[in-house]
Every structure is written in structure tokens, then in C-alpha cells.
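Quick notes on the structure that follows.
As the structure is a computational prediction, the values presented were derived from the model and not from experiment.
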Amino acid sequence: LRRASLWAEKRGQQDLLRQALELSRPAEPPNGAPDVNRWVRGAVELFKRGQLLEAKRLLEQAIEHLDRHAGAESIEQLPTREARALAFDALEALAEVHAAEGAWPDAMRCGQRAASLLEPCEFQSPFSEPEINRREGMLCLSMGHVTAAAGSDPRPTWRRAAYALEKVLEDQTELAAEALLEIGVWSAAAATTDQGDVCFAEAAEEAILALDHAAGRFNVARGKLLRDSQASSSKVGRCVELVRKELKAHAALAPLLCASGERKVAGECLGTARNLLDLVPESPPRKLAEDWAQSLSKLALVATKLGSFDSAEPLLLGQRRLAKVAGSLDLELEALKALAVVRRRLRNEAGVEAALAEVSALTEEGLRPAVMSRIRRMLQQVAPAEPRLAISNAQGEQDRGAVAVAAAAESQTQAARNLSSSGSDLAVASGSLATEEERWLAWQQRGILCQSEETVRALARRQAAAEQENGTEIEKEIDQALPKALTPESHWRIKPRMPIGAVIFGLLAAVAVAFLPQ
């Protein structure tokens, strides 16, 4: 305060100078006793302005006075309601100051002392109901975050907060929902591994119940707010905040349900969350935009696991937009990469290329070739692209010979494999169809992948002419050109060719069966 007084005096800030002098010399009532209530209120104002050192000094001074000069052995032994309420306010504010400084043990100590004042005892309660329940719930909710930051399990503290806030009036339903949300998010993280598998069933059950109740209560609170006819900017902001928390609850609940095998319920949770997308703000505050984006990311992952790619795409688009608002490059790149996979699953190749172009633009130039190559390999593994049906004239001649050899091998393999099939299937496998159109359709049905229809029709003409030539020459062509005959997509479709002896034996058997008397 002395430095603040000097700063205000130097710059001619008379109002600040007068306020600093008043805080440095607290007014005393007529009987000469210090006004502790004024100290506490002044410290709270300093804390709100970010003046932590000055606020801490005043609060410690107030607590020391209450401990030593209030006619009691300690602050917990204060007999009157007014004194105990003042002590609670001072300890709660000091705990917040310590938490802002990162002094977690000191914050926990002050919080525990404040909570002890709310316990039933021989002295008067500092507050009446339901105010005492609200104050206890808010204190425990805050102290749960302090406990988590200190490295301990905060769930017992949050459970106490939820139990206390359950008794608060119905117009503050979201207070209990906030405690349940914290319990659910923490329990969900404790119940699952890094890969998303459930490892602790008890924690998973608690998380599912807490998150489901939290989402429902946020929805109820939002509905009550929307039914209020007196709309204002503050209520609109509160409604958006309720949507954010409800979406966060669904984003934590849906993956847990999916990992627990409740895929149908997870799909219902995903559908409820999708209905909230229209309520997501276009440009939320930067600090909250990242939280929005992370929730959408979790929901999009669940949608892809459930195979609902149509649902995943708008979620990923929202994640990309919010990540850009938050300035999070990692979240934006994550959304674009996932978007490329989803669009490949939807066979939207133009959308895939658009997403990859954005990834390339956001990647450093030196790392760009390696990153893009890795992404394309990944896309080919998870969802191979459909073969293109157009090739250049320069590739045409080479493809005609290669595909012809592949088709000859396929026809022989199919002949041996379909001896017991109908006469039409045998004709298709042996290549005895009359027209080019029939041959082309037959090869397409058998899974022979070619790069152009022109190549296939040329193959049909080549095979028709080859049926009149020596079969040995065709076998030599097959042995020489088979390794280069297959496109990468067709390797898994065409089976290895059977020995020529087995093929000839199969054909003779088929002819014999055809001429046997009925």
C-alpha cells in the first residue's frame, strides 16, 4: 500500500491515493476496536483487482485479530453468528489468494479451517439455510480444484460439494451440476487408459452416473433460463455457458459409454450432443474456445468409432473453427487430419484434397513433404482410395498388355475353382463369352481392377484372338508379365494361379460331366 500511495501521488491520482490511505489506516469504531469487517471487504476488493500481496496482508491481519483478540482461544471457538460469518469470509478469501499464488498447502489449510466453521457444533451457525449449504458447496467446489492441483484426489471434496448443493433451491440447479461434472470428468479419466479402454469399472460407473445427471441438470437450467421472458445480455451469456458445460458432460460421457460396450446408448448421447451444435457461438472468448474445441474433438472420435461419419464431419468442422479462434495450431491440425479420414470414408475425394491442402498450408515448409507423405500413407491404410478409371495415352499400351495377362491368369484360376458351379459361371471363368460387353462385365464382377474401360475392352479382343492360338505361348506371357500385371488395389483380389495340370484336369472333368446322360 505504501508503494501504491507513492505511485498515485507521483501521477496525481488523488482518488487512488485517498483509497490507499484509507486501506492503510482502517477506520475504527467509537470504542477503539478495529473494524475487521472493513479489512475483509477491502481485501476482497484488492483481490478482484489482482493486488494479491496487499489483499493477503489485510486478510492475515484480520484472521490474527480474530484468533487472538476476540475473546476466544481460536477462530473456530467464536461464539456469535456474526463473528463466525466474518471469520468464514476471511478464511475463504485468504484461501483464494493462496490458490492464486500457487501456494496449494496454505490454500488447503485455510479452506479446511473455513469448512470447520460450518460443521454443527455448540456455537451458532454462521449462516442460515439454504445459504449455509450454498456457501459450503461453493467452498468445497473451489477446494476440490486446489486439492487436484496439489496432486491429491479431489473427488471426496467434490462429493461433499454436490451433497451440499443438492439442498440449494431449485433455481440454482447448475451449482450441483457443476460439482457432478467435475466428479464425472475426473472419474472418467481415472477409469480409462490412455488408449480409452476401461480399467476400473467402479470409477467408470460413478463417472457415467455423475455425467448423465450433470448433463440433465444443465439442460433443465438452460430450459428455465430460456423460458424467462426478461432476456438480457447477461442471461444470453449464462445460457451459452450452460451449453458449454452440457456439451462437455456429453463429450466425457460418450467415449466412456462406447468403451464400456454401450454403443447404442453412446449413439443416443452423441445425437443429443449434435443437437447442441447450433448453439455453439461463432467466436467465443479465446480462453473458452479451446474447451469448446476439445469437447467437439472427443465427440467426433466417438462418431468415427460408431461408424457415423456423417455426424463426425460437422463436429470436426466446428473443432477446426474453434481451434482457429483459440489460436491452437495442434487442435486445428488434428481436426483437419481427422476430417481427411472421415471424408475418405465418405468417398468425398474432393473434400479429402481440400483438407490435405489446408494441412499442407499450416505445416512448416521443411517438414511438409514428410508430413504429407505420412498422412497419405495413413489414409491409404485406413481407407484405400477408389481406383481411377482414366489413364493417359502413354500408359494405355503398357496397361493393355499387363491387364491382359492378369485376366488370363484369373480366368484359369476361376475355371478350377468353379467346377461345381453352373454352366454360365464356368463360361465366364474360361473366357468363352461371345461379346466384348459380356467379357467386360464378367471381369468387373470377378474383381479384376483395371485403370480404364478401354484397356478392358482391348483385353477382351486380345483374349478372343488368343483362344485360337497355342495355349503354351499364353502361359509364357503370363509367367513373364504377371508381376507387373496387377494394380496395387488388385493384389488382394486375384488368387495365385493353379498348376496347368490341375486346370486341364478340371476342364476335362467339366466336359465329361456335361456329356454324361441325364
Is it true that Arg343 and Glu349 make a salt bridge, defined as a side-chain N closer than 4.0 Å to a carboxylate O?
-> no
Decide yes or no on side chain to side chain contact (heavy atoms under 4.5 Å, CB included) for Asp153 and Thr147, but give the supporting numbers first.
-> CA-CA 7 Å; Asp153 187 355; Thr147 304; over 6 Å; no
Is the closest basic N to carboxylate O distance between Arg376 and Glu353 below 4.0 Å?
-> yes
More than 12 heavy atoms of other residues, nucleotides or ligands under 6.0 Å from OH of Tyr163: is that the case?
-> no
Please determine if Glu174 and Lys245 form a salt bridge, counting it only when a charged side-chain N lies under 4.0 Å from a carboxylate O.
-> no
May I have all residue pairs that pass side-chain hydrogen bond (donor to acceptor under 3.5 Å, both in side chains) and include part of residues 269-293, sequence neighbours excluded?
-> Arg244-Asp291, Arg274-Ser311
Residue list, salt bridge (Lys or Arg N to Asp or Glu O under 4.0 Å) with Glu365, at least two apart or on another chain | none
Assess whether atom CD of Glu358 is packed by more than 12 heavy atoms of other residues, nucleotides or ligands within 6.0 Å.
-> yes
Summary of side-chain hydrogen bond (donor to acceptor under 3.5 Å, both in side chains) pairs that have at least one residue in residues 256-270, sequence neighbours excluded | none
Would you say Leu316 and Leu296 make side-chain contact, with heavy atoms under 4.5 Å?
-> no
Please examine the side chains of Leu276 and Val280, heavy atoms only from C-beta on, and report whether any two atoms are closer than 4.5 Å.
-> no
Do Trp158 and His145 have ring centres separated by under 6.0 Å?
-> yes
